[in-house]
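Keep in mind that the numbers below use all heavy atoms, side chains included, and drop hydrogens, waters and symmetry copies. Chain letters run A, B, ... following the sequence lines, proteins first and then strands; every chain starts at 1.
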Amino acid sequence: MAESKPGFEVRLANFTGPFDLLLGLIAKHQLDITEVAIATVTDEFIKYIRKLQKLGEDWALDEASEFLVIAATLLDLKAARLLPAGEVEDDEDIALLEARDLLFARLLQYKAFKQVAGLIGETLEQESRRFPRQVALEEHFAAMLPELVWKHTPGQFAKLAEAALEPKAPKPTEVGLGHLHGSAVSVKEQAEILGLRLQLGNPLSFRALIADAESTLVVVARFLALLEMFRDKVVAFDQLSPLGDLTVHWTADGQDWSTENLSEEYEEQP
Amino acid sequence: MTDNDSAAAADENLDVSNLPGGAKAAVEAVLMVLDQPATATELAAGLNLTVAVVERLLAELQREYNGYTVKAPDMDVASDAGFSASPRGFELRNIAGGWRIYSRTDFADIVGRFVLEGQTARLTQAALETLAVIAYRQPVSRARVSAIRGVNVDSVVRTLTQRGLVEDAGTDPESGAVLYRTTSYFLERMGIGSVAELPQLSPHLPGLEGIEEFYDAGRM
Amino acid sequence: MTDNDSAAAADENLDVSNLPGGAKAAVEAVLMVLDQPATATELAAGLNLTVAVVERLLAELQREYNGYTVKAPDMDVASDAGFSASPRGFELRNIAGGWRIYSRTDFADIVGRFVLEGQTARLTQAALETLAVIAYRQPVSRARVSAIRGVNVDSVVRTLTQRGLVEDAGTDPESGAVLYRTTSYFLERMGIGSVAELPQLSPHLPGLEGIEEFYDAGRM
C-alpha cells in the first residue's frame, strides 16, 4: 500500500473499481453515464482525499483539482447524454452544462460544510460535558451593588411587555433568484386562493393573507396577485398608518370573477 | 472512560473512585458548579457514596483549601499531620447544613471591587424586556422566555435574580425546567400590591399557549 | 511581588501579595465569583496587577488544577518540575478570550445529576449544518445559507438565535438582508478562543474559494 499511490476507487451500485476505469468505460459507452450517481462518486472522492491527508500526502491538492476537471467532464458527458439531441453546440446547451457544473460545485461545497458540521457537533457534545462555574453572587457582594434606578410606571412597563411579547415578524431576507427555477409559484393559483378567502366577506390583513405562505416566493406571488386583483377592481386596500397593517376588502360583490381574467405577464414560464 | 457497558442501571453503577482524582475530585467537581448549598446527604446520593465518606471528603477538602494539609505525592492518603501549604482563594463553608464553595473572606475587598466595576444602577433594555416577559407570563422557564424574545436570556435572568427582581418558582413538572416569577421587591419598585395590578395587555397578543405552538414548531 | 507602593488612590493601595495565599489566591478568589469568562486584562485591572503577572498566575493555577504541579511547602516558588498531584475536580480554561472555572469532563455524568440547567438539547443535523455555514461564511444572510444548504433555513436560524449561538450582525448594504454571525456564547460552547480556531474548511475541499466565486457569479 505504501509503495505506490493507492488511486481513487469508486464503489457504486453498478460499478466498483478505479475512477479512471469508470471514465474509460463511460467513454467507450460500456456504462451508461446517466446511471452513474455523481453524488456517490463525490462522497467517495472526499473520503479518499481525507485519507490521503491523514497519510500526510502532499499531492492531495493536485488529485483534487484533477478530480474536479474530470468530474466536470463527467458532467458534460452526462448532460450531453441527457440532452435530446445529444450534442453540445448551441449556447443554450452550453448554458445548461454550466448550470450542471455549478450544481456539482455546490454539491462539493455542501459536502464540505456537512463534514465540518459533524466536527462542530462532536465538539459541542464534548464541551457539553464541562459545566462552567456560574453561581449567583454571594450575598454580601450582591448587597454592595448600587441601588437600582427604576423609572418605569406600570403603564410604561406594560408597553414594554407588549413590544416584547409581540410575535416577531420574520426579518427581511433577500429574494433568492435560485428558487425561481426550483419551484415555480403561480400568481394565478395564489390569486385563486386569495379570492376564495376574501369572498367570505371579512376584510383580511395582508399579514393574515400570507400567514400560511410556506416560502418568500409565495408571499411575493400573493402580493403580485393582489396588485392584479386591485387592477381588476375586485379588491380595495386600507392602511391606517404608514407601515401599519394593510387591510384587503373584497369589492366585487356578486360579480363574476375568475383568475382567467388576470393578465398573463407573470405566468410566462422560462 | 468507565466500563459501565454492562450496567443495567448505568447510573447506579458509576464508581467515582475510578475517575482521575477519585471521589474527592468528584465531590469537588460538583461543589464547584453548584449554585445552591448541598447537604452531605444530597451529595452522597448523587455520588453513590455513603454520607460518612462524603463527610470525610468534605472535611478534607475544607482543610486543603485552608492550606492546612496537602496530599503529599508519596503518601497514599492525605494526612492531617501533613505539611501546610498556602490557603486557596476559595473556601468550603458549611452553612446551616449546606456546603458551598465561596471566595475566601480575606479577599472580600478585592472581589468586591472587581464585582462592582462596570456595574450600573440601571437595567439594560434586554433585562427590562426579559423582566416584562417574566412578569406577564409567570411562572415561566428561561427556554420559554428565550423563545419569546428570540435570544438567549440565561445571563440576563441571572442578573435579574441577582437584583432580586425575579426568583425561582420551582420546576416545571413536565420538562423539569426551572420556572421564574417576579418577587415582592419587583412589586415594591413598580409601586403595586400584586401582579394582578399590572396593566392589562391588549387582547390581540397571543396567549402563552399560542406562542408555545408558534415557537416550538421552529425548534429543532 | 508587586511594588506599587506609590499608588495614590487608597483603593489602589491594596497589595494582594500581603494577603494569605498571595496574588495567586486573589486571582482564584475573583474566579470564584465570575459568572462569565474574564480576560487577563480585566482581572489585572481589578487586582492591581500587571497583565503579565496575571497571565503567569493563571497559567500556574491551570497547571495546578490539572495536577501537573503543586507548590511544595519547602519551596518558595511553584516549580514546573515539581511533583505531580492528582488533578482537581475542576479546571481553569481560557475560552472565547476569557478565563473561567469548569468542572472536569471526567465528572460530567456526576455533575449532570446535580446541575439540571445549562444542559441543552442536542442540535439537529439541519441546525448543525446551518451553524457551520454561518460560522465559516459570517457575516452571511439567510438566503445565502439557504442557497448553500439547498433548503429554507429560516426556522433553523431562529432556533440558533434563540439558543444564543448566532446573532444579528446588521444588514447587507446592498440587498438589505439581515446578516448573521456566531456569538461569543458559540465560542464558549465550542471551547475555543475565536472562530479562527475552527477546523480548516479547505482540507475538506481544496480550492473552495474558487468555487465560491464561481458560485457567486452564477447566482446573479
Glu60(B) and Arg56(B) ion-paired at < 4.0 Å: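 Counted as a salt bridge, because a side-chain N and a carboxylate O are separated by less than 4.0 Å.
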Any side-chain donor near an acceptor of the partner, Glu28(B) and Tyr65(B), under 3.5 Å: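 There is such a pair (donor and acceptor under 3.5 Å, judged by atom type) between the side chains of Glu28(B) and Tyr65(B).
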Thr161(C)-Glu167(C) side chain donor-acceptor pair, cut-off 3.5 Å: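 Short answer, no.
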CA sep, side-chain torsions, deciding dist, call: Leu160(C), Thr130(C), side chain to side chain contact (heavy atoms under 4.5 Å, CB included): CA-CA 9 Å; Leu160(C) 292 172; Thr130(C) 303; 3.9 Å; yes
Worked check of side chain to side chain contact (heavy atoms under 4.5 Å, CB included) between Thr171(C) and Leu179(C): CA-CA 5 Å; Thr171(C) 51; Leu179(C) 299 174; 5.8 Å; no
Interface moiety of Leu31(B) toward chain C, non-hydrogen atoms closer than 4.5 Å: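 It is neither, since no heavy atom gets under 4.5 Å.
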Leu34(C) portion near chain B, given a 4.5 angstrom heavy-atom threshold: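 When you check distances to chain B, only side chain atoms of Leu34(C) fall under 4.5 Å.
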Interface moiety of Val30(C) toward chain B, non-hydrogen atoms closer than 4.5 Å: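 Its backbone and side chain both get close to chain B.
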Residue among Pro87(C), Ala29(C), Gly164(C) with most heavy-atom pairs under 4.5 Å to chain B: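 Winner by heavy-atom pair count: Ala29(C).
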Residue-level contacts of residues 88-100 of chain B with chain C, using a heavy-atom cutoff under 4.5 Å: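 Checking residues 88-100 of chain B against chain C gives Arg88(B), Gly89(B), Phe90(B).
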Beyond-backbone contact of Arg181(B) with Val166(B), side-chain heavy atoms, under 4.5 angstrom: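 Side-chain contact under 4.5 Å: no.
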Donor-acceptor contact present, side-chain Thr183(B) to main-chain Leu165(B), <3.5 Å: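 Yes, the answer is positive, given that a donor and an acceptor are paired below the 3.5 Å cut-off.
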From CA spacing to verdict: side chain to side chain donor-acceptor pair (under 3.5 Å), Arg142(C), Asn152(C): CA-CA 8 Å; Arg142(C) 285 196 310 254; Asn152(C) 183 295; over 6 Å; no
Pick from Gln36(B), Met32(B), Gln162(B), Glu42(B) with the largest number of heavy-atom pairs that fall under 4.5 Å of chain C: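 If we count pairs closer than 4.5 Å to chain C, Met32(B) comes out on top.
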